[in-house]
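Each chain gets a letter, A, B and so on, in the order the sequences are listed, and its residues count up from 1. Side-chain atoms are counted along with the backbone in the values below, which use heavy atoms only and exclude waters and symmetry mates.
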Protein chains: 2
Amino acid sequence: MEANMKVNKELLKGSTAVLVLTTLAKQDQYGYELIREIERQSEGVFAFKEGTLYPILHTLEAEGWVESYWQVHDGRKRKYYRITDKGKQHVKERKAEWQLFRTAVDRVIGEGGV
Amino acid sequence: MEANMKVNKELLKGSTAVLVLTTLAKQDQYGYELIREIERQSEGVFAFKEGTLYPILHTLEAEGWVESYWQVHDGRKRKYYRITDKGKQHVKERKAEWQLFRTAVDRVIGEGGV
DNA sequence: TAACGATACATAGTTATTCTAGGTATTAGT
DNA sequence: ACTAATACCTAGAATAACTATGTATCGTTA
C-alpha cells in the first residue's frame with residue numbers, strides 16, 4: 001500500500017469535502033482514523049497528511065456539515081466527527097456536481113463510452 | 001447554452017491542461033476557438049473565461065507541450081496552437097492520472113459500479 | 001526506566017492554480 | 001459613426017491543499 005501514489009494534488013481540490021463527508025455518512029470517525037479509512041477505500045490513491053485533513057474537518061464543522069465530540073476509546077482521547085442533516089444535504093449536492101464534472105471531463109477527453 | 005453552469009471551479013484545478021491538450025490533439029486551434037470548442041464538447045459545463053485560458057496556453061507553451069504560430073484566416077489574425085510530441089506524451093500520462101483519480105473518487109463515494 | 005515509534009490533535013506560512021477585472025485592437029453590421 | 005463580436009493580453013485577488021512544525025499520550029522494548 002504505497003502512500004502518495006502520485007495523483008496530482010491539484011486534481012484533489014474541490015473533492016476533499018465530498019470524500020470526507022461520504023465517509024462520515026457511513027459512521028462517525030475521528031481524524032486520524034479517517035485518513036486511513038480514505039486511503040484504504042481509495043486503494044492508496046488518497047493519502048491525506050494530518051496537516052491537510054485537520055483543517056478541512058474544522059472547515060466542515062464551521063460550515064455546520066459535521067459536529068464533533070470527544071470520546072475516550074482504548075484509553076485514548078479522540079475527537080469524533082458526526083455528519084449533520086445539513087451535511088447530508090450538502091454531500092448529495094456535491095455528489096451530483098462530481099457526476100456532472102466527471103461526465104464532462106470524460107466527454108472532452110474521449111473516455112467513458114463516447 | 002448557459003455559460004458557467006455551476007461546477008465548483010476548484011474541481012477544475014489540475015484538469016485544465018488535459019482538457020486543452022486533448023482538444024489540441026485533434027486539431028490546431030486558437031484560444032478564442034478553444035473556449036467555444038471545450039464548452040461545446042463538455043455540453044456547457046466548462047466555460048473558460050479568456051483571462052483563464054490565455055495564461056494556461058502560455059504555460060503549456062513554456063512547458064513545451066504546445067507551439068504557437070500566427071495565421072490570418074477570414075481576414076483575422078489568430079494565434080494557433082499545435083500540440084508537440086512532448087505534449088502528446090504528457091497528455092497520455094495526465095489521462096492515466098485522471099482515470100486513477102476518477103476511479104478512486106468513485107470508490108470512496110460509492111458510485112461507478114462498485 | 002528510558003527511549004522510541006505510533007497514535008492523535010493542532011496551526012502558521014507557502015505554493016499552486018484559477019478567477020476577476022481590467023486593458024488593447026480589429027472586423028462586421030447597422 | 002457607433003456598437004457588438006472577435007481576438008489577444010496581464011496584474012492582482014482568491015482559494016485550497018501542502019509543508020513543516022509543535023504538543024501530548026500510549027505501548028513496546030532494550
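- Side-chain contact of A:Glu61 with A:Ser68: a donor-acceptor pair under 3.5 Å is present, judged by distance alone.
- Going from atom CG of B:Leu19 over to atom P of C:dT18 covers 10 Å, rounded to whole Å.
- For the pair A:Leu60 CG and C:dA10 C1', the computed distance is 16 Å after rounding to whole Å.
- Counting any heavy atom pair closer than 4.0 Å across all strands shown, B:Thr59 reaches no nucleic acid atom.
- Aromatic ring pairs are classed by plane angle as parallel below 30°, tilted from 30° to 60° and perpendicular above 60°; the pair B:Trp65 and B:His90 is parallel.
- Across the protein-nucleic acid pair, B:Lys49 atom NZ and C:dG22 atom C1' stand 14 Å apart, rounded to whole Å.
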Protein heavy-atom contacts under 4.0 Å, written 5' to 3' over nucleotides 3-9 of chain D as B (base), S (sugar-phosphate only) or - (none), form the string --BBBBB

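- In this structure, A:Ile35 atom CD1 and D:dC18 atom P are separated by 11 Å, rounded to whole Å.
- Between B:Thr52 and C:dT17 there is no side-chain N or O to OP1 or OP2 distance below 4.0 Å.
- Between B:Ile109 and A:Leu19, the closest heavy-atom pair is CG2-CD2, 4.1 Å.
- Around the NZ atom of B:Lys92, the shell of radius 6.0 Å holds no more than 12 heavy atoms that belong to other residues, nucleotides or ligands.
- In summary, the aromatic rings of A:Tyr81 and A:Tyr69 are positioned with their centroids too far apart to meet the 6.0 Å limit.
- Remark: P of D:dA17 and CZ of A:Phe48 are 8 Å apart, rounded to the nearest angstrom.
- Summarising the geometry, the separation between CD on A:Glu63 and P on D:dT15 is reported as 12 Å, rounded to the nearest angstrom.
- With B:Asp74 as reference, B:Arg78 is the one residue of B:Arg78, B:Lys77, B:Arg76 to meet the salt bridge (Lys or Arg N to Asp or Glu O under 4.0 Å) rule.
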